[in-house]
> 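Shown below is the structure under consideration.
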Amino acid sequence: MTFVSRLILVAVLSVSAAVIAVAAIAFTASDKVGEEIERARVANLLGTLRASTEANLSIGLLLDQISLLQPRIEREKASDPSILAIDIFNAGGRAIYSTDRSVIGEEVAPDWVRRLSTDEVWTAAERGDTVFGTRFENDLGVAGGISVTVSDEARTSRADRLGLDLISRTAILALAAALAAILAAVVFAYVMTRPFDRVARILGGDGTTSNDDGALSQLADETVRSWRDAEARVDRGLGQLGALDDAA
């Protein structure tokens with residue numbers, strides 16, 4: 001493999017690797033940002049429902065007396081197709097309100113009840129979906145919790161679309177970058193090897209030099225002249241030896 005071929009190969013591989021690495025970083029960052037956006041969106045919904053529930057509890061209503069919560073959570077689910085279910089349950093783990101009315105009065109997952117000990121928004125993975133939850137309080141302490149089950153299908157589809165888009169864009173960008181790298185490598189090789197090619201032609205007797213060719217070409221030209229002077233001296237010496245032989 002010639003020097004130019006190796007240079008082109010290294011340039012193309014380096015540029016392609018850099019483009020692929022940037023695309024991978026962009027995909028990871030975008031996927032993480034998507035997750036954070038979804039978490040913030042659901043956390044805002046949980047905060048709104050918690051504030052509404054606690055406001056009603058603070059005026060003396062019992063949890064099962066806040067009749068406005070049922071239509072409220074049903075509207076929230078209808079407005080967001082990624083939401084599979086919204087459940088509001090008491091501290092004992094019994095569902096009081098739910099977008100799936102068939103589970104009202106049933107026990108929720110024991111893990112949800114255990115998570116009422118934390119005041120932060122919690123998450124749990126269940127059957128390929130993600131459950132976000134928080135607790136709400138009354139004057140006596142923890143009164144229950146709210147859970148929002150979100151489908152991971154939308155996020156997965158979004159990640160798939162992003163991946164396909166990045167792959168196509170990366171392929172185009174990598175091709176353009178590879179062509180630019182090839183051009184740059186050829187120009188660089190030409191600029192770097194041209195003086196040596198010139199010297200090779202001078203030393204081979206196929207070219208001449210000038211003051212614009214640089215010190216290397218001038219040195220090669222001087223070397224050629226010294227070779228010619230040496231050959232001339234050798235020829236003169238041989239001629240003199242031949243004359244002495246003839247005289248003898």
Side-chain angles (χ1 to χ4, degrees), residues 24-163:
I25 293 172
F27 176 80
T28 303
S30 178
D31 190 56
K32 184 176 181 180
V33 168
E35 289 182 2
E36 293 298 327
I37 291 174
E38 182 178 79
R39 181 181 180 87
R41 177 175 59 83
V42 177
N44 179 68
L45 173 58
L46 286 171
T48 301
L49 293 175
R50 174 178 178 173
S52 177
T53 303
E54 290 181 340
N56 283 278
L57 293 176
S58 67
I59 62 176
L61 293 176
L62 298 177
L63 181 59
D64 56 5
Q65 295 175 335
I66 310 175
S67 58
L68 293 177
L69 286 179
Q70 183 63 36
R72 172 70 182 277
I73 62 177
E74 289 178 351
R75 286 196 304 271
E76 294 291 349
K77 179 180 182 299
S79 65
D80 190 340
S82 67
I83 295 178
L84 299 179
I86 302 176
D87 300 289
I88 300 177
F89 53 95
N90 59 23
R94 186 176 300 278
I96 306 300
Y97 305 102
S98 175
T99 53
D100 182 3
R101 293 182 178 240
S102 65
V103 304
I104 294 178
E106 301 292 334
E107 297 291 333
V108 300
D111 183 57
W112 297 6
V113 180
R114 287 194 296 268
R115 292 176 183 270
L116 295 179
S117 60
T118 178
D119 193 39
E120 298 179 353
V121 174
W122 51 265
T123 61
E126 292 189 1
R127 299 183 298 276
D129 302 319
T130 302
V131 180
F132 297 83
T134 189
R135 72 184 186 185
F136 57 85
E137 301 175 348
N138 56 19
D139 295 336
L140 300 178
V142 178
I146 306 170
S147 68
V148 177
T149 304
V150 179
S151 172
D152 289 339
E153 183 177 352
R155 183 170 60 84
T156 302
S157 299
R158 184 171 62 251
D160 291 341
R161 290 194 302 270
L162 175 62

> Under 4.0 Å between a Lys/Arg side-chain N and an Asp/Glu carboxylate O for Lys77 and Asp100?
no

> Between atom CZ of Phe136 and atom CG of Asn56, what is the distance when rounded to the nearest 0.5 Å?
11.0 Å

> Can you tell me how far apart CD1 (Ile88) and CG (Leu63) are? Round to the nearest 0.5 Å.
7.0 Å

> Let me see the working for Leu57 and Ile66 under side chain to side chain contact (heavy atoms under 4.5 Å, CB included), right down to the final yes or no.
CA-CA 8 Å; Leu57 293 176; Ile66 310 175; 4.0 Å; yes

> Would the distance check show the side chain of Thr48 and the main-chain N or O of Asn44 forming a donor-acceptor pair, the cut-off being under 3.5 Å?
yes

> Any Lys/Arg nitrogen of Arg94 or Glu107 sitting under 4.0 Å from an Asp/Glu carboxylate oxygen of the other?
yes

> Quick one: closest heavy-atom pair of Val121 and Leu46, and the distance?
CG1-CD1, 3.9 Å

> Would Val148 and Glu76 satisfy side chain to side chain contact (heavy atoms under 4.5 Å, CB included), going step by step from the backbone distance to the final call?
CA-CA 10 Å; Val148 177; Glu76 294 291 349; over 6 Å; no

> Check Gln70 against Ser98 and note the closest heavy-atom contact, atom names and distance.
NE2-O, 2.8 Å

> So which pairs with a foot in residues 60-70 pass salt bridge (charged side-chain N to carboxylate O under 4.0 Å, His left out), sequence neighbours left out?
none

> If you take all heavy atoms of Asp119 and Arg135, which pair is closest and at what distance?
OD1-NE, 3.4 Å

> State the CZ-OG1 distance between Arg39 and Thr123, to the nearest 0.5 angstrom.
5.5 Å

> Is the backbone of Arg114 close enough, under 3.5 Å, to the side chain of Ser117 for a donor and an acceptor to pair up by distance?
yes

> Say you draw a straight line from CG of Leu116 to CG of Asn90; how long is it, rounded to the nearest 0.5 Å?
9.5 Å

> Which distance, rounded to the nearest 0.5 Å, do you find between the CG of Asp129 and the CD1 of Ile83?
12.5 Å

> Please find the pair of heavy atoms, one from Trp112 and one from Ser147, that lie closest to each other, and give the distance.
CZ3-OG, 3.1 Å

> Set out, in order, the CA-CA distance, both residues' side-chain angles and the distance that settles side chain to side chain contact (heavy atoms under 4.5 Å, CB included) for Ile86 and Leu45, then state yes or no.
CA-CA 10 Å; Ile86 302 176; Leu45 173 58; 4.3 Å; yes

> Please name the pair of heavy atoms, one in Ala124 and one in Asp111, separated by the smallest distance, quoted to 0.1 Å.
CB-OD2, 4.2 Å

> Minimum heavy-atom separation for Ser102 to Glu106, with atom names?
O-CG, 4.1 Å

> Hey, could you give me the CG/CD1 distance between Leu69 and Ile146, rounded to the nearest 0.5 Å?
7.5 Å

